[in-house]
Amino acid sequence: MKHILFVASESLPFVKTGGLADVVGSLPQALTSKYRVSVFIPLYLNVIPKLVDAKPVVTFMVSTPCIQQQATILKQTHEGIDFYFLQHQGYFEREGLYGFPDDGERFSFFNLACVTFIEKMNLHIDIVHSHDWHAGMIPLLSRVVYKHHPNHKNLKHVFTIHNLAYQGQFPLSVGKECLGLGDQILNDGSIRFDDGVNFLKSALVYAHKITTVSPSYAQEILGLAFGERLHEVLRLRQYDLFGILNGIDTDFWDPSKDPFIPYHYDSESLENKVKNKLVLQKKCGLKVSENTLLLGVVSRLTWQKGIHLILDQMSDIMGLDVQLVVLGSGEGHLEHGFRNMVEKYYGRVAYVAGYNEPFAHEIYAGCDILLMPSLFEPCGLSQMIAMRYGTLPLVREVGGLKDSVSPYNSAANTGTGFSFREFSVTDLYHVLRMSVYLYYHYPSEFEQTQRNAMNEDFSWALSSEQYAKVYESL
Ligand code: ADP
């Protein structure tokens, strides 16, 4: 059985800030029938309380001109998957994961420690599957710097782009001093970007195969509009680039047994879904009303998610007979915008800042429609989770949203949600008005669409087969 090492900055059930953690936490499980999979992540401060019986397996020095630090690797097995945690108090035991002035140094250490770990431990790894920029230097370090080391000589590298917008760009000194790279690599154009180094670009150049998280996004990033200035590099690699739609953990996200929601239900008992709405309305200070359409948002509040479209169109949206509950934090002006809306539309709009897993489940269960008007969306998981909970996603037709939501078709009475194409407030509003009309005037069609959504297969079964094909092609 081949041994695959996943390397990422986040993984459920230990640490999560976004969809990356869902994928790294659930894809390995779906691969276990064919492969042995292990996972390598940093030991962040908030991971420590979640360790149960983690034991140190190896300690070594990472030495480059600016890093002379000891790395300790702890191991804990979780549901049959071996997790390896990189422990370093100074770099990782902090409040928060990213956005520190020394991120270049911290993640250089992470990449260097991972390749050294592979070298020191005889785990017979065949494939390293790295995720996002945080692990972007691993293919280069393994294939160039460590290429003569026995455990690296035959290693193959797969790299997955979860979001091309985050690239890990740092000054040249990070490449030279922190990673200890020589002038030739620093100057041959493979990792250089503007005046510095780019972790994600390095992975695009040095990985054997590249994947991203939906077929549409795999196409979109080859062009100027979505390519985040790396489209030329991606085009060079387009025959090694595969778009594979993410799945979700359908065991964790299951309205028939979700421990975070008050009333369990399935596609044949939607009357219990409504009971969740009543609890949610009460909890959020909204007017409790079974028959009022409840809109939801569960998202990082960033420009990428198109949240400002909702705020810009708020007076028209609230002109419809709807309520809105928003969960998430991010850019100050968006948070501020929703706080204002709570005051302005008292009893009709609720806003909860922060990251709150149980409350997210209650929103997915209690709402009728989830808004996700993203500017771009590599895959998106929230819309899939919403569909699983019979909450119809209203999305922009982009990236993974386009690949996972089939728009309601009134003639054929098919579809699993609603969608619009142009990134504009008018198009968002137009489709929202249509879906609100459907809810109030054609409830049986709305319910049929909910059932269609709940009966879609969002498990990893199909996608893990596609990953297996990529691994086998190496
Ligand atoms: P991204 O990774 O770009 O943030 P995705 O839709 O791929 O977006 O994944 C988002 C994941 O994070 C989903 O599981 C969603 O439920 C969860 N999530 C987003 N914001 C919050 C929040 N404020 N509280 C709890 N969960 C959240």
Side-chain angles (χ1 to χ4, degrees), residues 8-27 46 96-98 131-134 160-166 212-214 216-217 221 226 228 243-255 258 260-261 280 283-284 296-307 310 325-331 334-335 338 350-367 370-389 391 393-396 398-405 417 458 460 463:
S9 169
E10 305 176 21
S11 173
L12 279 177
F14 300 102
V15 54
K16 164 170 165 175
T17 68
L20 167 68
D22 293 82
V23 176
V24 179
S26 52
L27 175 57
N46 54 1
L97 270 58
Y98 316 118
H131 298 261
D132 268 356
W133 74 264
H134 321 101
T160 295
I161 307 164
H162 294 262
N163 194 337
L164 191 65
Y166 302 96
T212 188
V213 289
S214 70
S216 289
Y217 194 58
I221 57 179
F226 293 88
E228 304 286 348
I244 303 175
L245 195 69
N246 282 336
I248 56 172
D249 183 339
T250 46
D251 208 40
F252 180 69
W253 296 107
D254 183 352
D258 186 332
F260 294 123
I261 65 174
L280 180 62
K283 193 167 180 173
C284 298
V297 171
V298 178
S299 181
R300 292 183 289 121
L301 300 186
T302 66
W303 54 280
Q304 175 202 334
K305 301 290 179 180
I307 300 295
I310 302 172
V325 51
V326 177
L327 168 64
S329 41
E331 290 164 22
L334 299 173
E335 293 188 1
F338 283 119
Y351 171 53
V352 176
Y355 184 88
N356 188 330
E357 187 74 49
F359 193 51
H361 290 239
E362 290 183 69
I363 293 182
Y364 289 124
C367 288
L370 183 95
L371 300 177
M372 220 170 152
S374 302
L375 176 61
F376 66 94
E377 195 60 73
C379 177
L381 298 174
S382 299
Q383 82 282 9
M384 294 192 210
I385 300 168
M387 285 186 272
R388 181 126 172 95
Y389 283 67
T391 297
L394 192 159
V395 303
R396 177 158 177 252
V398 71
L401 297 176
K402 185 164 140 193
D403 295 341
S404 58
V405 178
F458 294 114
W460 275 103
S463 305

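Counting from 1, the numbers follow the sequence of the chain as shown. We count ligands from 1, going down the list as the structure has it; atoms in each ligand are counted the same way.
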_Close N or O approach (Leu381, ligand 1; < 3.5 Å)_ = yes
*Would you say Ser329 contacts ligand 1, with heavy atoms under 4.0 Å as the rule?*
no
_Can you report which non-hydrogen protein atom sits closest to atom 27 (C) of ligand 1, along with the distance?_
Tyr355 CE1, 3.4 Å
*Run the numbers on Tyr98 and Glu10 for side-chain hydrogen bond (donor to acceptor under 3.5 Å, both in side chains), then give the verdict.*
CA-CA 11 Å; Tyr98 316 118; Glu10 305 176 21; 2.7 Å; yes
*Where the closest heavy atom to atom 15 (C) of ligand 1 is concerned, which of Phe359, Phe252, Tyr364, Tyr166 has it?*
Tyr364
_Gln383 vs Ser404, test: side-chain hydrogen bond (donor to acceptor under 3.5 Å, both in side chains). Steps then yes/no._
CA-CA 8 Å; Gln383 82 282 9; Ser404 58; 3.0 Å; yes
*Could you go through the side-chain hydrogen bond (donor to acceptor under 3.5 Å, both in side chains) check for Asp258 and His361 one step at a time?*
CA-CA 8 Å; Asp258 186 332; His361 290 239; 2.6 Å; yes
*With ring centroids as reference points, do Phe260 and Trp253 lie under 6.0 angstrom apart?*
no
*Which of the atoms in ligand 1, numbered in the order shown and given with their element, are less than 4.0 Å from a heavy-atom of Arg300?*
1 (P), 3 (O), 4 (O), 20 (N)
_Please identify which of these residues, Val23, Asp22, Val24, Leu20, meets the side chain to side chain contact (heavy atoms under 4.5 Å, CB included) condition with Ser11._
Val24
*side chain to side chain contact (heavy atoms under 4.5 Å, CB included) partner of Met372, the single match among Ile307, Leu401, Val298*: Leu401
*Please confirm whether Cys379 comes under 4.0 Å of ligand 1, counting heavy atoms of the residue only.*
no
_Give me the atom names and distance for the closest heavy-atom approach of Val325 to Cys367._
CG1-SG, 3.6 Å
*Contact atoms of ligand 1, heavy-atom distance to Gly328 under 4.0 Å*: 23 (N)
*If you count the atoms of ligand 1 from 1 in the order shown, which ones are under 4.0 Å from a heavy atom of Ala360?*
25 (C), 26 (N)
_Closer than 4.0 angstrom, basic N to acidic O: yes or no for Glu377 and Lys305?_
yes
*Please state which part of Ile385 comes within less than 4.0 Å of ligand 1, counting heavy atoms only: side chain, backbone, both or neither.*
side chain
*Report the nearest protein non-hydrogen atom to atom 2 (O) of ligand 1: residue, atom name, distance rounded to 0.1 Å.*
Gly19 N, 2.6 Å
*Report yes or no: does a heavy atom of Lys16 sit under 4.0 Å from some atom of ligand 1?*
yes
_Does the residue Lys305 have a heavy-atom contact with ligand 1, meaning some pair of atoms that are separated by less than 4.0 Å?_
yes
_ligand 1 versus Asp22: contacting region, heavy-atom distance under 4.0 Å_ = side chain
_Subset of ligand 1 atoms that lie under 4.0 Å from at least one heavy atom of Gly354_ = 22 (C), 23 (N)
*asked:* Distance under 4.0 Å to a non-hydrogen atom of Gly380: what atoms of ligand 1 satisfy this?
replied: 6 (O), 7 (O)
*Interatomic distance, Phe376 atom CZ to Asn163 atom CG [nearest 0.5 angstrom]*: 5.0 Å
*Any chance you could measure Trp460, atom CH2, to Ser26, atom OG, to the nearest 0.5 Å?*
5.5 Å
*Decide whether an N or O pair under 3.5 Å exists between Ser382 and ligand 1.*
yes
_Pairing donors with acceptors under 3.5 angstrom, does anything connect the side chains of Tyr364 and Glu362?_
no
*So which heavy atom in the protein is nearest atom 24 (N) of ligand 1, and how far is it from that ligand atom?*
Asn356 N, 3.0 Å
*Report the member of Val298, Val23, Val213 with the shortest heavy-atom distance to atom 18 (N) of ligand 1.*
Val298
